Amino acid sequence: MSTFAKPENALKRAEELINVGQKQDALQALHDLITSKRYRAWQKTLEKIMFKYIDLCVEMRKGRYAKDGLIQYRIVCQQVNVNSLEEVIKHFMHLSTERAEAARNQAQELEEVLDVDDLEADKRPEDLMLSYVSGEKGKDRSDRELVTPWFKFLWETYRTVLEILRNNSKLENLYAMTAHRAFQFCKQYKRTTEFRRLCEIIRNHLSNLNKYKDQRDRPDLTAPESLQLYLDTRFEQLKIATELELWQEAFRSVEDIHGLMCMVKKTPKPSLMVVYYAKLTEIFWISGSHLYHAYAWLKLFLLQKNFNKNLSQKDLQTIASSVVLAALSVPPYDHTRGASHVELENEKERNMRMSNLINFNLDPKPESREVLSRSALLLELVSKGVMSCVLPEVKDLYHLLEHEFLPLDLSLKVQPLLNKISKLGGKLASASSVPEVQLSKYVLALEKLATLRLLQQASQVYQTMTIDSLSQMVPFFDFSVVEKISVDAVKHKFLTMKVDHINGAVSFSILDLESDTLRNHLTALAESLNKARSMIYPPLNKALKIGDTLPGLAEIVEKEHKKLLARKTIIEQRKEEQERQLLEKEREEELKRMQQQKNNEEAEQKRLAIEIEKRKLQRIQKEIEEREMEEAKALLNEKFSKNKKKPIIEGDKMTKQALLELALNEQLREKQEMEKKLQKLSKQMDYLERAKREEAAPLIEAAYQQRLVEEQLLHEREQQLEVELSRQRHDGDLQEKNRLARVMENKRIFQERVVNRRQSEFERLRQERAEHYNQIRQSRRQQRVAKRKMIFYLRSEEERLNKLREEEEARKNEEAERRRKEEAERQAKLDEIAEKQRQRERELEEKERLRRQQILAAPGKYVPRHLREKAAGSTPAPSTDKWRPDDRRGFGGGGSRPTW
């Protein structure tokens, strides 16, 4: 590690190393100086060193060095000159952006250059292998090698700056500016992975801000300026997330904004809340949460109506129509009916999160939440005057779907209204936060709602209807789509219907065989029949004779033996399962113990680090106090240097405050004495000045009268002289005019000669220019003809080469097809040989089975029952063990039993 007496020497040494091409050594020398504890007092030279250090880091793409240097420089500048740190960071980002832009300009196509999924990931081995074995040597690879590293470095720059500036109240503006530039970087180059990481970084910074509230220089979120900066950053994050179509990240951004508002308990400006609810409408629509989408539109409508004074009547109608159509798009039944407990809990948590974002409470009854919320929403639209602002087509559609009962004509009246609504909407001139509203996106949901209403009303009028009639009543969809919609409605208990495709009919009055009432009746009937059977055929308590039980004794013994073996197997399996559970439990306990030990070690390390930092702060505080004491003593000696009597300082008992009070008292005493002297001197000067003016007054008056007489005489003499000079000049001018009148004719002749010469010169130059232009035109015409001929030749040559290439590819394809056919023929022959071999084996097996049957059927020989049953059943495959023939198991009254 190199040491320097002064920082200027390090800067000079770094410049010398740069001049001879040793940039790494220069960077290391500056890094050692910046991280050294000897130079912790800020000075202008350190700022110059940091600028040079940043230039080297950017040029060599040393992000880690830059981060270390900026952290050390922040420690130096934080309490002394924070503006210097801001200038250095701005210089760092400016250089990184410039180099990245310069590299990007070298690439022809940006998407080919930036096709890396993750800017923080290293090169994969397969990519390296492909780059070595492939023949790609053109501009694409050079662009990838030149441009992508600079964009990685720019992304690392943004992360470094955000990490250094986090939770610093003195650099909040720079932090917000860096976050906005990082968002624009992700938006410009479609960096979705980096955008997610950036959002997570900013989210962690805010959580740390709330976690460590005793942090020094911590931003105060209750201050309006700080709160506005944080909100602007979150809203910019929300806008970029929606533009990149990262809807999950957009939802988390909305939760961040809502959490920030709840944290400070202040509502942002209406313009920001309009953006908030506008983005919520997009997010809820994409996620399929139509109810919350409608509530977000309602909030947006109320904000625009109450706070946007420039909102036109047409735009107000469009927004109100969007609110009503969004409310009508909410399904009229609960989608959570029949779901499992876990799904219901997840849905409940999800609904609570979304409801908190738009500040409304859900219905406490889970079985009717959606229906009641939809009904409450429609009632709220009427009560808050939304229906009075909508378009006439939307109002008619609302009355048809919610209040009219027209089972036969509902679709015919709804369809023309939907056709008109699909053409409405467009850009809004007076609502800047909602630039465009398209009502056509609600048409599909409204068609489904109209179909459900029609089926519901038809079920109240008809019991049975043909499929053709129902298809004619629903012109929106085919019957297959209507069937899917009805299946979903029946599943959620909204409709009761059955489709009979055999008879081509739809039935609306169906007896539910799976209802609870019939299920209980069937259970009771089964229990009653079982009791009656036990009374008619009571169980046998006495054992029968042995002679009656002998024929089935072998089967009973065999069954009992099998049961015992099965029980033994189950016991062994349970033992193995218990041992495995014990091993897993011991392993989990070991993992918990190791994790606890690791946590204890981390806590101890943190405690030691905190203790070291605390001692360091105490040492710094002590040094500061000693330095302040020395400065105060020096100041006191300077103030009392002219006096003989100085205050007595008793060792270290005299504090800096006491020394400063002594100095201030002495200054105050000297100031009072000086003021007294000045008052006395000013009074003497006032008396002297007054006496002088009294004596000089008559003398000044006499001198003034004499000066008036002299100036009057001087004025008369100068006026007479001016008149005489004017007369003489007039006479001289008349004589000069008479003398020049003789040459006027010569002047006219000379003028005509000059004009004629210039006219002829102008004509000659114009003719030369026309001839020159004609020559240029002719040469360019010849160049165009030659260029066309060259293009024609190149195209002809390219077509010829393409034709040759296609012929070669056709020849290769024919060769491959021929090889494939030969391979297929060879495989067919092999399959035929294999089939013959299998046939031969089956014949041998059949002969062996017949031989065994003959042996078992031989007269006068006893054969056990289990062997007779085995011979009568399926014959197993012949054994491959030649040393143990099957004949040994056919004699002797039975073989050995298999053991478990």
Side-chain angles (χ1 to χ4, degrees), residues 235 238-239 242 250 254 257-258 261 267-330 354-362 372-399 401-402 417 420-443 445-446 449:
F235 275 103
L238 176 60
K239 291 178 182 177
T242 54
V254 170
I257 295 172
H258 184 264
M261 290 189 294
T267 304
K269 295 184 293 186
S271 59
L272 292 179
M273 294 304 297
V274 167
V275 176
Y276 176 80
Y277 286 115
K279 298 301 179 183
L280 267 181
T281 57
E282 298 181 23
I283 295 170
F284 287 147
W285 180 256
I286 293 295
S287 64
S289 303
H290 293 170
L291 176 64
Y292 305 104
H293 171 75
Y295 266 98
W297 263 116
L298 178 60
K299 295 284 186 179
L300 180 60
F301 169 77
L302 295 177
L303 280 173
Q304 291 282 1
K305 183 179 179 181
N306 295 331
F307 296 99
N308 193 352
K309 305 301 181 183
N310 300 324
L311 191 67
S312 62
Q313 185 65 27
K314 181 179 178 181
D315 294 344
L316 183 63
Q317 286 184 346
T318 304
I319 297 175
S321 302
S322 299
V323 177
V324 176
L325 293 178
L328 291 175
S329 300
V330 180
M354 291 191 292
S355 63
N356 289 332
L357 297 179
I358 52 180
N359 297 324
F360 82 101
N361 295 323
L362 294 173
L372 288 181
S373 297
R374 183 178 186 275
S375 304
L377 176 60
L378 294 175
L379 292 175
E380 193 172 357
L381 296 182
V382 177
S383 63
K384 292 189 177 180
V386 180
M387 298 302 301
S388 61
C389 301
V390 300
L391 296 169
E393 294 85 356
V394 178
K395 186 179 293 185
D396 296 341
L397 181 65
Y398 170 76
H399 285 292
L401 294 177
E402 298 296 329
L417 294 176
K420 292 181 182 180
I421 289 172
S422 63
K423 300 176 182 178
L424 298 176
K427 295 183 178 180
L428 303 182
S430 56
S432 59
S433 301
V434 190
E436 188 174 4
V437 175
Q438 294 295 339
L439 302 182
S440 58
K441 66 180 180 181
Y442 299 109
V443 172
L446 294 174
L449 177 64

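Since the structure is predicted, the reported quantities are computational estimates derived from the model, not experimental observations. Quick note: residue numbers are just sequence positions, from 1.
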(message) Tyr442: which residues meet the ring-ring contact (aromatic ring centres under 6.0 Å, His included) condition with it, sequence neighbours left out?
(response)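 Partners of Tyr442 by the ring-ring contact (aromatic ring centres under 6.0 Å, His included) criterion, ordered by chain and then number, come out as Trp285, His293.
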If we only count heavy atoms from C-beta on, is the [X] to [Y] side-chain gap below 4.5 Å?
{"X": "Leu238", "Y": "Ile283", "result": "yes"}
{"X": "Met261", "Y": "Met273", "result": "yes"}
{"X": "Gln304", "Y": "Val274", "result": "yes"}
{"X": "Val382", "Y": "Tyr398", "result": "yes"}
{"X": "Leu328", "Y": "Glu402", "result": "yes"}
{"X": "Cys389", "Y": "Phe301", "result": "yes"}

(request) Any chance you could lay out the side-chain contact (heavy atoms from CB on, under 4.5 Å) test for Lys279 and Phe235, step after step, and finish with the verdict? (result) CA-CA 10 Å; Lys279 298 301 179 183; Phe235 275 103; over 6 Å; no
(request) Tell me, with the steps shown, if His258 and Tyr276 meet side-chain contact (heavy atoms from CB on, under 4.5 Å). (result) CA-CA 9 Å; His258 184 264; Tyr276 176 80; 3.8 Å; yes
Indicate the atoms forming the closest heavy-atom contact of [X] with [Y], along with that distance.
{"X": "Leu417", "Y": "Leu397", "result": "CD1-N, 3.8 Å"}
{"X": "Ile421", "Y": "Leu439", "result": "O-CB, 3.7 Å"}
{"X": "Lys305", "Y": "Gly385", "result": "NZ-O, 4.4 Å"}
{"X": "Val324", "Y": "Leu381", "result": "CA-CD1, 4.1 Å"}
{"X": "Ala250", "Y": "Thr242", "result": "CB-CG2, 4.1 Å"}
{"X": "Ala296", "Y": "Tyr277", "result": "O-CB, 4.0 Å"}

(message) Please determine whether side-chain contact (heavy atoms from CB on, under 4.5 Å) holds for the pair Ser329 and Leu449, giving the CA-CA distance in whole Å, both sets of side-chain angles, and the decisive distance to 0.1 Å.
(response) CA-CA 7 Å; Ser329 300; Leu449 177 64; over 6 Å; no
Starting at [atom1] of [X], measure out to [atom2] of [Y] and round the result to the nearest 0.5 Å.
{"X": "Ser321", "Y": "Met387", "atom1": "OG", "atom2": "CE", "result": "9.0 Å"}
{"X": "Ile286", "Y": "Glu282", "atom1": "CD1", "atom2": "CD", "result": "8.0 Å"}
{"X": "Leu298", "Y": "Ser322", "atom1": "CG", "atom2": "OG", "result": "12.0 Å"}

(request) Mark yes when over 12 heavy atoms from residues, nucleotides or ligands other than Lys420 sit less than 6.0 Å from its NZ; otherwise mark no. (result)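 Result for NZ/Lys420: open.
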(request) Test side-chain contact (heavy atoms from CB on, under 4.5 Å) on Ile319 and Trp297 and set out the steps. (result) CA-CA 8 Å; Ile319 297 175; Trp297 263 116; 4.0 Å; yes
